[in-house]
Participant: 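Just dropping this structure here.
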Amino acid sequence: MAESTNMRLRLPLLCIILEVILIILFGTLVEYNDDTHAKLWNENRTDSATRNDHENEFYYRYPSFQDVHVMIFVGFGFLMTFLQRYGFSSVGFNFLIAAFSLQWATLMQGFFHGLHHGKIHVGVTSMINADFCTGSVLISFGAVLGKTSPVQLLVMAIFEVTLFAVNEFILLSILGVNDAGGSMTIHTFGAYFGLMVTRVLYRPNLDKSKHRNSSVYHSDLFAMIGTIYLWMFWPSFNSAITNYGDPQHRTAMNTYYSLAACTLATFAFSALVNPEGKLDMVHIQNAALAGGVAVGTAGEMMLTAFGSMIVGFLAGTISVLGYKYLTPVLESKLKIQDTCGIHNLHGMPGVLGAVVGAVTAALASPDVYGHGLQRVFADVETGKWNPQSRGGFQAISLAVTLGMALFGGLITGFILKLPIYGAPPDTHCFEDGLYWEVKTFQNNIENVQQTCDSL
Amino acid sequence: MAESTNMRLRLPLLCIILEVILIILFGTLVEYNDDTHAKLWNENRTDSATRNDHENEFYYRYPSFQDVHVMIFVGFGFLMTFLQRYGFSSVGFNFLIAAFSLQWATLMQGFFHGLHHGKIHVGVTSMINADFCTGSVLISFGAVLGKTSPVQLLVMAIFEVTLFAVNEFILLSILGVNDAGGSMTIHTFGAYFGLMVTRVLYRPNLDKSKHRNSSVYHSDLFAMIGTIYLWMFWPSFNSAITNYGDPQHRTAMNTYYSLAACTLATFAFSALVNPEGKLDMVHIQNAALAGGVAVGTAGEMMLTAFGSMIVGFLAGTISVLGYKYLTPVLESKLKIQDTCGIHNLHGMPGVLGAVVGAVTAALASPDVYGHGLQRVFADVETGKWNPQSRGGFQAISLAVTLGMALFGGLITGFILKLPIYGAPPDTHCFEDGLYWEVKTFQNNIENVQQTCDSL
Amino acid sequence: MAESTNMRLRLPLLCIILEVILIILFGTLVEYNDDTHAKLWNENRTDSATRNDHENEFYYRYPSFQDVHVMIFVGFGFLMTFLQRYGFSSVGFNFLIAAFSLQWATLMQGFFHGLHHGKIHVGVTSMINADFCTGSVLISFGAVLGKTSPVQLLVMAIFEVTLFAVNEFILLSILGVNDAGGSMTIHTFGAYFGLMVTRVLYRPNLDKSKHRNSSVYHSDLFAMIGTIYLWMFWPSFNSAITNYGDPQHRTAMNTYYSLAACTLATFAFSALVNPEGKLDMVHIQNAALAGGVAVGTAGEMMLTAFGSMIVGFLAGTISVLGYKYLTPVLESKLKIQDTCGIHNLHGMPGVLGAVVGAVTAALASPDVYGHGLQRVFADVETGKWNPQSRGGFQAISLAVTLGMALFGGLITGFILKLPIYGAPPDTHCFEDGLYWEVKTFQNNIENVQQTCDSL
């Protein structure tokens, strides 16, 4: 067994080959954009028509980028440390596949979103978009958490990032829909992709690792670090790439209210579904975030605080109920082993968010938006826009996303099933010791005893 | 006993009713303000007199808002995880009552701070103010930590937020005083309100839970996460709602220096009051923050780095001495059981901050402030201003705040004493197991053993 | 022994004397700068030539400052909590010496970087610079971690901050080189200073504390909090004090790509150097950050994403190899006991960064930079600039820095060797219990048992 999961050649080889390919592609394809290039930004500096430095997109987007960055690396990373013996892998593999994905996403998204004379232009907006795409991969990681080798995860990321970029291109560039916070592109896509992957990788004997597939007291506290950071910075996530000014401001605020309402729903239903009325950390850690997912599309629209709170409350409710009643059924009936319950946090709330987005778009009118209309719905001025068709396109986008995710997950799942990646055996899932140097419990006890004795 | 603390109906019912009321009130009363509304922000966009997007208040305040948000949810939440068996409740109940309070505060503050044709206008500034009010509730939470049910905490929040808004209205709108960082409105109010509540809820037999009312090694490290985040972001807290430009810049810097000096005082006196010269985590976790509290009023004034450091040094000193010598007396003589020692971190430093604010305001002169005077002291131009009266009003505000806090805490305390909220029995205070699904220690040991054996 | 490490008088005395001196010096020397002073900022406000508030440097630099602040207090503090019994000291002493150093650095840097009529002017830029200097001290702390008393650390900080300011003055003001992210001034200086100090403080019998000089499972997770925050915010660190506009934007992006590539190299080589292909937490926690260090000088230049990724990949590689093969040799042959392996994280990558900076500067041309040239290389317009001489000056700066660091560390090491600071005995290194009130393991077990029994 030790042999089959040995990463000594597999992981270095894959990492080095991938990074070398990335470096070569960046060298041939990637250029600074106008706001990061010394020459281009300062082109007219001696003229009267000079741009002021405060107009550089850096100052509009960089604080949001950093908040998103924290969600990707601390939020997702620590959220998954709830498992008692999988903290190193949760934070560590999250770190690895995120670092890879953001580079690969820069290329894939740049390729699809418009080359400039054959070159990809990069700046803070492309950095945010790359982090977004990475988020989608990390959502899928949540479904297969504990049951995959780092090599499998990197391979999954290669395919998922690519398909994410294709789907995003269809939605944003071809269908021209709105999805600033990614209810569809990020959450729905990431969730159903991951669920399909874990379905294909179904392990009938996963029970052998059951005793490790749960939390201990301190691991739940580490996970709360992830939860709280995701919760706090979600307003930045949804608003990070909206238009400047009122849309960015409004999106952040709508998300803030949606999450607050969602949190009350989560506590309410977590206590309600427990016979003794006790709260379940799994719900608090996850369902309280569903409100951010569910306003990912409509958040930039004139959803109002009122609307946001209703959406958030609904999202929290279905998420808790999903954890309690749906997840066990998915596992027993559909053979979907969803370690983190991403269907409840990203799947259903993502679909809800897509529906809310379609309805809100269909109800948009110049009466409400005034001159701000074209700043939210980009193609208003081109004349091809009317609210109803817009709502229809939003709905079509959801269907496209679900199709792409399920199909992509299916293919990727079968690729990941090849017995060459050093996947953990059923008896050693959810266990850091396979891929990390970990001191044994006995070691630790002895160390502590020795320390005590010497005092 | 299990019966009396069962939250199965109480908590869901209260959460759902509160959230439904909030949603209805938001639906009828709350509107986007000029900077978040698509129509209003873009009204003149086709005219020559167009506003630039960078003038949207979002770009002046949102980074500060996010820092404040981190303080409220991570700072306060993790600061209280120092108890060995109360980490879930500390972070979790903090999360719940903060999510409720920020919604309720938006309504209460909006109601008192000026309706616009009967409507409350919301944007990033109202979000910061709501977080501030929430901070006050969380300070009070610190006094009753471990001895209250989540239902009690929500009921406390209902009353405290309301009274906070009234007190804030009296101070800022009627008396017209300065308190940008809330030495009075937030810290003094929250502290004395909470102390009065815990006085009314006095438990003569709390000793039965004494063995749980302390930290273990790792819980102290979790608490340090809270401490450090509060410490780092306090400059953002105090400067979040000052005027743009020099006041915001100056406030952040004054707070930075106050906290640095406070930290040295904290380490000095923590070692000094211990017979073996050993540092006490309780002091480091709490007293090192007193410097931020104590410049909450004067921080935006021309206090200078020099003045800030003196104030910070004093605040750290009285805070450590308070923990060492005053807290035991408060408990034994006045029957005030103050779990987190909020009197030392928020009470005394808050009063110190109010006094420093009054003195600094009384010394303010056009010589020092130049044209910046009216940007710090709002009513200079109306002519009713002179430094001495200003100082007097600041001092009166402290008295008003103390009165409101003590009276409000008294009433609220008696309301919370009703035996209907599922409060924990004396034998089970400071224990997560009452309200949370927690694996027992035995469980954990067995799990870990099983894991080790299988390796 | 208890006697000799007793801090009861030593620590309070030193802290109070230092803070009193700081307060006096601040009172006599420090003034608000133009952007923080109420009068100066608003001087022309009534004129037509009024400055807009958004031009206040606060809005360009404060978000970066807060990210840097997080790196200093959470990043460095928690990174060092990996030791099983030294978490309080890691976070706590980091907190203490950082709070002191940033005040002392404000004075020293202000003194060397240009007095204004005998006064030091402070604002957000001086706050960032003070945090940078503090970072250097914390790097050195990493070398002596676990083997020094807090008094020793404060004394080290006094000398190191002073020499840092001198070295920075020589590099930036006399030689006029670039080093915005501090590959030389911060990392190389801090690393070699610390290595020399720990060399002088060599303990031949440190083996007696060997059992405590390692991590346990949860301490490694706490350390990952530090790692991830350093990693995420490094783009802010390197860009915090570059010029506004394209340089700040470009620096952040270059650093982002360097770190991403570095992370893949770290995972690759960590698995490769382990016989079983298992990843080592020490590598992930540290080497993954080397990419940020290595673009500290060249990050603001037109290094391109391509160049940044190559540099990051190299940095991660040499860092892992350093931990694996060089650190043991440094200890056995050169008697350098480097607790955190700062030579691998800051030393070698810092030198690499200096060399990359020299080469990139030597290759800089107006063709590439256009009018942006003088915004990166300050003295272009004065005519004394040509790329080759610039590259030469950068290289000379590295030599100066190494000389200053080694010489300064030597002197400081001998000063710290005096037997008056309460240093821990060889048998009690890496142990919080010497300087902190810590419950014993036995205590904890009893507490937990009692808790369980009572349920």
Side-chain angles (χ1 to χ4, degrees), chain A residues 54-55 60 63 67 84-85 211-212 216-218 220-221 224 228 231-233 236 244-246 248-250 252-253 256-257 260-261 263-265 267-269 271-272 274 276-281 284 288 302 304-306 309-310 313 368-373 375-376 427 431 433 440-442, chain B residues 2 6-9 11-12 15-16 18-19 22-23 26-27 30 32 35-39 41-43 45-46 53-54 56 58-59 62-63 66 69-70 73-74 77 81 87-88 91-92 95-96 99-100 102-103 122-124 127 218 222 435-439 444 447-448 450-452 454-455:
Chain A
H54 70 254
E55 291 169 31
Y60 291 92
D67 292 351
Q84 55 185 271
R85 288 281 296 181
H211 55 289
R212 260 185 252 100
V216 290
Y217 193 71
H218 276 128
D220 266 328
L221 274 180
M224 278 304 284
I228 299 283
W231 195 92
M232 294 184 304
F233 288 163
S236 301
Y244 299 161
D246 65 288
Q248 202 168 358
H249 196 164
R250 182 169 58 246
M253 194 168 67
Y256 170 85
Y257 285 119
T263 302
L264 267 82
F267 276 83
F269 285 93
L272 193 63
N274 182 288
E276 300 174 77
K278 291 189 181 180
L279 297 161
D280 189 330
M281 261 290 165
I284 309 304
M302 290 290 283
T304 74
F306 169 68
M309 287 158 74
I310 293 174
F313 193 85
V368 175
Y369 290 79
H371 292 300
L373 193 61
R375 308 189 81 206
V376 178
T427 49
E431 170 58 52
T440 63
F441 184 70
Q442 211 48 46
Chain B
N6 192 315
M7 290 288 121
R8 186 158 194 192
L9 290 180
L11 184 61
C15 284
I16 292 170
L18 285 177
E19 192 57 47
L22 285 169
I23 288 175
F26 266 76
V30 172
Y32 290 122
D35 291 49
T36 45
H37 196 295
K39 191 175 190 173
W41 178 252
N42 295 284
E43 228 160 24
R45 193 152 286 279
T46 50
D53 278 329
H54 71 255
N56 193 296
F58 182 79
Y59 302 102
Y62 188 71
Q66 275 296 0
H69 219 40
V70 171
F73 288 89
V74 165
T81 57
F88 291 7
V91 180
F95 191 17
L96 172 63
F100 163 70
L102 63 87
Q103 297 176 78
V122 290
V124 68
M127 289 159 70
H218 276 129
F222 277 112
Y435 303 116
W436 297 85
E437 283 285 345
V438 184
K439 306 234 171 41
N444 287 349
N447 261 334
V448 177
Q450 213 168 339
T451 301
C452 291
S454 70
L455 279 177

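Chain identifiers are assigned alphabetically (A, B, ...) following the order of the sequence lines, protein sequences preceding nucleic acid strands; residue numbering begins at 1 within each chain. For clarity, every value in this text was computed on a predicted model and none was experimentally measured.
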Participant: Against chain A, work out which of B:L96, B:D35, B:V74, B:V30 has the most heavy-atom pairs shorter than 4.5 Å and name it.
Facilitator: B:L96
Participant: Side chain, backbone, both or neither: which part of B:Y62 has an atom under 4.5 Å from a heavy atom of chain A?
Facilitator: side chain
Participant: Kindly determine whether A:D280 and A:N274 satisfy side chain to side chain donor-acceptor pair (under 3.5 Å), including the steps that lead there.
Facilitator: CA-CA 8 Å; A:D280 189 330; A:N274 182 288; 6.0 Å; no
Participant: With a 4.5 Å cut-off on heavy-atom pairs, point out which of A:T304, A:D220, A:D67 contacts chain B the most.
Facilitator: A:T304
Participant: Tell me, please, which residues at least two apart from B:Y59 pass side-chain hydrogen bond (donor to acceptor under 3.5 Å, both in side chains).
Facilitator: A:Q248
Participant: Which bit of B:F222 is near chain A, if near means a heavy-atom gap under 4.5 Å: side chain, backbone, both or neither?
Facilitator: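 Side chain only.
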Participant: Taking only residues two or more places apart in sequence, or in another chain, which ones meet A:Y369 in a side-chain contact (heavy atoms from CB on, under 4.5 Å)?
Facilitator: A:M301, A:M302, A:A364, A:L373, A:V376, A:F377, B:A38
Participant: Looking only at heavy atoms, what is the nearest atom pair of A:Y217 and B:G87, with distance?
Facilitator: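 Between these two residues, the closest heavy atoms are OH-N, 2.9 Å.
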Participant: Flag the one option from B:L9, B:L18, B:V70 with the top tally of heavy-atom pairs under 4.5 Å to chain A.
Facilitator: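 Most heavy-atom pairs within the cutoff with chain A belong to B:V70.
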Participant: With side chain to side chain donor-acceptor pair (under 3.5 Å) as the criterion, how do A:H249 and B:N56 come out once you've worked through the C-alpha distance, each side chain's angles and the decisive distance to 0.1 Å?
Facilitator: CA-CA 8 Å; A:H249 196 164; B:N56 193 296; 2.7 Å; yes
Participant: Relative to chain B, which segment of A:F313 carries a heavy atom at a distance below 4.5 Å: side chain, backbone, both, or neither?
Facilitator: side chain
Participant: Heavy atoms only, distances under 4.5 angstrom: which of A:F306, A:Y257, A:Y256 has the most pairs with chain B? Name it, please.
Facilitator: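 Among A:F306, A:Y257, A:Y256, the one with the most close pairs to chain B is A:Y256.
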Participant: Any chance you could lay out the side-chain contact (heavy atoms from CB on, under 4.5 Å) test for B:E437 and B:F88, step after step, and finish with the verdict?
Facilitator: CA-CA 10 Å; B:E437 283 285 345; B:F88 291 7; over 6 Å; no
Participant: Measure A:H218 against the heavy atoms of chain B and call it side chain, backbone, both or neither at under 4.5 Å.
Facilitator: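 The answer is both parts of A:H218.
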Participant: Using non-hydrogen atoms only, which part of A:F267 is less than 4.5 Å away from chain B: side chain, backbone, both, or neither?
Facilitator: both
Participant: Looking at A:T263, is its backbone amide N or carbonyl O close enough to the side chain of B:E19 to form a donor-acceptor pair, meaning the two atoms are under 3.5 Å apart?
Facilitator: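 Answer holds: no.
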Participant: What residue, out of A:P63, A:A271, A:A252, A:A265, has the most heavy-atom pairs lying under 4.5 Å from chain B?
Facilitator: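 Top count of heavy-atom pairs under 4.5 Å with chain B: A:A271.
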Participant: Does A:E276 reach the main-chain N or O of A:K278 with its side chain, forming a donor-acceptor pair under 3.5 Å?
Facilitator: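 Not a single qualifying donor-acceptor pair exists.
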Participant: Highest number of heavy-atom pairs under 4.5 Å with chain B: which of A:W231, A:F233, A:Y244?
Facilitator: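 Most heavy-atom pairs within the cutoff with chain B belong to A:W231.
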